[in-house]
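The model shown is predicted, which means the values in this text are computed figures rather than measured ones. Numbering of ligands and ligand atoms starts at 1, following listing order. Atom set for the values below is all heavy atoms of this structure, side chains included, hydrogens, waters and symmetry mates excluded.
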Amino acid sequence: MITRAQFLSLLGTSISGLLLSPGKLFADRNAEALAAKLFGSNFIWGAATGAYQIEGAFNVDGKGLSIWDDFSHTKRKIKDRSDGDVSCDFYHKYREDLALLKSLNFGAFRFSIAWSRILPEGTGTINRKGIDFYNQIIDTCLELGIEPWICLYHWDLPQTLEEKGGWANREVVNWFSEYSRICTLHFGDRVKNWMVLNEPLSFTSLGYLAGIHAPGYKSINKFLASVHHAALCQSAGGRIIRENVKQANIGTTFSCSWIDVKKSKPKFHKASERLDALINRLFIEPVLGLGYPTDTLPFLKKMEKFIQPGDLEKLKFDFDFIGLQNYFRIIGKPSLIPFIRAKNDKPDYNDVQFTDMGWEVYPEGIFKILQRFAKYPVKEFMISENGAAFYDNVTGENVHDPMRVQYFQQYLSQILKAKQNGIPVNGYFAWTFIDNFEWAEGYKMRYGIVYNDIQNQKRIVKDSGLWFQSFLSQ
Ligand code: FCB
């Protein structure tokens, strides 16, 4: 079975030979001189999470099952055979956890709503206890002086809806609209910052084409249908938030990667352009009224059968901000892989550091991707996720994670450079607050700035968390 690390950019370059190479630490003077105040007093500093990854309580207080409950219980595709049944038990520990977040000086908390906690059947009857839970999260944040940022969908579709075809069924637009309406009407009085979808390319490609995430299909047809339906939901969700939430700040998030070329030859440039169309253009261009990048990716024409008259107009929405989530760069070269005919190549080995996911640490990539997206008429950018999985060295009450500290310093100094170059990037959400269930990778991949022992739910603030605490106080 391939993993997300190998699937990297949909294209299956095997990088397993590189996984054991932690690389070396680079001294970066600019990064060391960083201080939060350099980003300006209005810059948003947050930590990001996703419901299925931290909440646990998968069947508690009336919650219905989601595709991730089903996938982790039945498909045997999670590396360590784990699931999110208990995970960090944030459902019960949110008060202590949010107080901890506050103690690290973060001003914002990004979380998602588990659709099947609100609507156990996906549509219809509302589960009051689900609403109560998110009310408590929101109220606790506000009491602590933390701004709540809601993401409506972070990959956990109600299982009942998957049984009706999930994202591949156009009805999902109505289901998602109903769900969005309920969330905005219940939480919009206190929550002003909203994100519609988390990385639509990831959940459509990994879930319906590569089969390595829930619901586990390998079908080009389901993939293309789900892309169009997710794009319709992205703008429909934006409109519903605008309608129901006064003074809302509305965004949505995209996974994105800077694409380099392996060799400066026309065939390589073309391959990189195809990768760029798939990875960076597919979801933003329809929002801006530019349609899908069919010119560069002719196989997208197969999507036409899912497009109805009037859809191209419906795909547009005037977002207040775009959330960019950047983890790795891609080095394009031609290949025989169907449809895309391009793949990701290895960087040169010299002086390259990799995370435990096998993702190259390439801080300049975040600067370049901000520059690349700044060519679009976008009002404001948030870095809505960025972070790294590294092995953690626990010694008593300490967790020393120098590589993660350095990762954050280096990426943040590139974001600062982008800001100083006039790119309107106005916030940063570290991925992630607490070590959690990392999808098909299970619990082995640790991204948290707070360590969690899932055997006893003991949290330990890592050196990276302490680094943020001090950085954010300056
Ligand atoms: C992003 C996901 C997030 C987490 C990080 C590592 O693509 O949005 O949930 O898995 O990757």
Please identify which atoms of ligand 1 are closer than 4.0 Å to at least one heavy atom of Glu199.
1 (C), 7 (O), 8 (O)

Cut-off 3.5 Å, side chains only: do Glu199 and Gln325 have a donor facing an acceptor?
yes

One finds that the ligand 1 atoms under 4.0 Å from a non-hydrogen atom of Trp439 are 3 (C), 4 (C), 9 (O), 10 (O)

Measure from the ring center of Tyr428 to the ring center of Phe43 and say whether it is less than 6.0 Å.
no

Which bit of Gln53 is near ligand 1, meaning a heavy atom under 4.0 Å away: side chain, backbone, both or neither?
side chain

the protein heavy atom lying closest to atom 1 (C) of ligand 1 turns out to be Glu385 OE1, 3.0 Å

Assess whether atom NZ of Lys75 is packed by more than 12 heavy atoms of other residues, nucleotides or ligands within 6.0 Å.
yes

Region of Asn198 that comes within reach of ligand 1 [heavy atoms, distance under 4.0 Å]:
side chain

Heavy atom to atom 5 (C) of ligand 1, shortest distance: which of Tyr327, Phe437, Tyr447 holds it?
Tyr327

Would you call Lys379 and Asp318 a salt bridge, using N to O less than 4.0 angstrom?
yes

Below 4.0 Å from ligand 1: does a non-hydrogen atom of His154 turn up there or not?
yes

Would you call Arg329-Asp260 a salt bridge at under 4.0 Å N-O?
yes

Decide, yes or no, whether a salt bridge links Arg459 with Asp435 under the criterion of side-chain N to carboxylate O below 4.0 Å.
no

Under 4.0 Å from any heavy atom of Gln325, which atoms of ligand 1 are there?
8 (O)

Protein residue, atom and distance nearest to atom 11 (O) of ligand 1, heavy-atom basis:
Arg4 NH2, 3.2 Å

What about Glu438: any of its N or O atoms under 3.5 Å from an N or O on ligand 1?
yes

Ligand 1 versus Met445, non-hydrogen atoms closer than 4.0 Å: side chain, backbone, both, neither?
neither

For Phe203 and Trp68, what are the C-alpha separation, side-chain angles and deciding distance, and is it a ring pair (Phe, Tyr, Trp, His ring centres under 6.0 Å)?
CA-CA 11 Å; Phe203 71 78; Trp68 272 95; over 10 Å; no

Indicate, with yes or no, if the rings of Phe106 and Trp45 have centres closer together than 6.0 Å.
no

